[in-house]
There are 2 protein chains.
Amino acid sequence: MARAGLTPDRVRDAAIELVRSVGFEELSLGTLARELGVRVPSLYNHVDNLDTLRAAVSASATNTLDEALAPAQTLEEIAHAYLAFARAEPGLYRASLRAPSVDNIAHEAAALRVLERIESALAEFPLSVDARIDAIRGLRALLHGFVELTLAGAFEMERPVEASFDGMLQNFRLGLERAKPIT
Amino acid sequence: MARAGLTPDRVRDAAIELVRSVGFEELSLGTLARELGVRVPSLYNHVDNLDTLRAAVSASATNTLDEALAPAQTLEEIAHAYLAFARAEPGLYRASLRAPSVDNIAHEAAALRVLERIESALAEFPLSVDARIDAIRGLRALLHGFVELTLAGAFEMERPVEASFDGMLQNFRLGLERAKPIT
DNA sequence: GACTTAAAACTAATGCTATTAGTTTTTGGT
DNA sequence: ACCAAAAACTAATAGCATTAGTTTTAAGTC
């Protein structure tokens, strides 16, 4: 039997690596156990169940996304960092979308940090309270929607995806500047 | 045994109803068979497998989405129809997102019709070829992203979701009008 | 250094999923 | 009334997560 020396952290880290290579939806206890050289039920010595393991991976992925956004300042920088992360780490990006459970304080905090970084992209614009909420929701929709369509391979036309992303951001910025609701 | 009188169409229709009530991901042969008063393997007399059944549901859902968008003319009308459909029929909306397989001509045609309707929302704007591609991609991202975040319950702030949707569209329109790249 | 004990790994089993093979039954057409 | 095709069935396989119960390993204590 030769004990494999697993710990909750090692199992979680292996799960993260698996998600990075095969995707979040594809994470299964079978492949994870094989990767760790152990039988499936042995994982239950270190993990409650698949759902909590997914939650742990999601929390970590949200932190990684937060760190990827950290250096960015302007609207364009933050948006580019967001798209770049999703394209470089689609598995982690998809993992980060899972809503934190209410009892997972650290996960909730990380999700809030990501949200605040996106909100900070709008700091330069003088917006009313309502217009700012609309802008936040609009930016989130834009980023998430563009990423999803990109990952799904839905953009079939010739033009480079990056160019459209930039054009879209320019359009977004123009709309915000034109609005100028605080007078 | 008392033959149940199933046909491929009846099975597909029952699958559609199931997707409408429980969601696209939740469609399973077990629940479908129970709904039809039949054992699971009996379904294989009318359906190739779960994947092609999902494809059939997706094709039908894409048609339904197309019909829901048909009466809309302007950018705002089309966007509202899109959001309204997704909120009224989240199961069908999710089903419509599945990419058509290359051999399913009717499905591909329906997906193309939906795409053209979204493109037609930009007909009123005089845009260069590239700017139009960017606008199409941006609008698709906006619509899909907003719908996803809405269905996921990601908009937690007080302001009504519809108001933000309208604000977002206004912003989008302003950006397009401001750009005016054909001069 | 032997012993006790908790933890880590195991096997076996349950109950879900989709799917296939093979069998019985029903029904439409001759 | 009969024959053949189609529709339903049972039984079985394989993959999934999970639990119960058992063995083994290793760490800590006397």
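The structure presented is a predicted model; accordingly, all values stated were derived computationally and were not measured. Order of the sequence lines fixes the chain letters, A, B, ..., with proteins taken first and strands second; residue numbering starts at 1 for each chain.
Within the 4.5 Å cutoff, the side chain of R137(B) has heavy atoms near those of the R159(A) side chain.
Scanning residues 10-24 of chain A for heavy-atom distances under 4.0 Å to DNA chain D yields an empty list.
As rounded to whole Å, 14 Å separates atom C1' of dC16(D) from atom CD of E26(A). To the nearest angstrom, P of dT22(D) lies 19 Å from CZ of R39(A). Here dC16(D) presents its C1' atom at 11 Å from CZ of R54(A), a figure rounded to the nearest Å. One atom, CG of D9(B), and another, P of dA7(D), lie 13 Å apart when rounded to the nearest Å. Residue L27(B) contributes atom CG, which lies 12 Å from atom C1' of dA18(C) at whole-angstrom precision. In this structure, the CG atom of N45(B) is 17 Å from the P atom of dA18(C), given to the nearest Å.
The salt bridge (Lys or Arg N to Asp or Glu O under 4.0 Å) test applied to D166(A) returns no partner, not counting sequence neighbours. For E124(A), the salt bridge (Lys or Arg N to Asp or Glu O under 4.0 Å) partners at least two apart in sequence or on another chain are R173(A).
Applying the ring-ring contact (aromatic ring centres under 6.0 Å, His included) test to residues at least two apart or on different chains, the pairs with a partner in residues 50-81 of chain B are H80(B)-F165(B). Within the structure, salt bridge (charged side-chain N to carboxylate O under 4.0 Å, His left out) pairs that include any residue of residues 32-61 of chain A comprise D51(A)-R98(A) (at least two apart or interchain). Under the side chain to side chain donor-acceptor pair (under 3.5 Å) criterion, the residue pairs touching residues 19-32 of chain A are E17(A)-R20(A), R20(A)-E89(A), S28(A)-T31(A), with sequence neighbours excluded. Within the structure, every pair that satisfies the salt bridge (charged side-chain N to carboxylate O under 4.0 Å, His left out) test and touches residues 60-73 of chain A, not counting sequence neighbours, is listed here: D66(A)-R113(A), D66(A)-R117(A). Contacts classified as salt bridge (charged side-chain N to carboxylate O under 4.0 Å, His left out) and involving residues 101-110 of chain A (residues at least two apart or in different chains) are not found.
Between H46(B) and the phosphate of dA8(D), there is a side-chain N or O to OP1/OP2 separation shorter than 4.0 Å. Of the side-chain N and O atoms in S42(A), one or more sit less than 4.0 angstrom from OP1 or OP2 of dC10(C).
In this model, a donor atom of one side chain and an acceptor atom of the other lie less than 3.5 Å apart for S58(A) and H107(A).
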Distances under 3.5 Å between protein N/O atoms and the N/O atoms of nucleotides 19-22 of chain C, please, pair by pair.
residue	atom	partner	partner atom	Å
dT19(C)	OP2	Y44(B)	OH	2.7
dT19(C)	OP2	L50(B)	N	2.8
dT19(C)	O5'	Y44(B)	OH	3.0

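Across dC16(D), dA9(C), dC9(D), the shortest atom-to-atom separation from the side chain of S28(A) is found for dC16(D).
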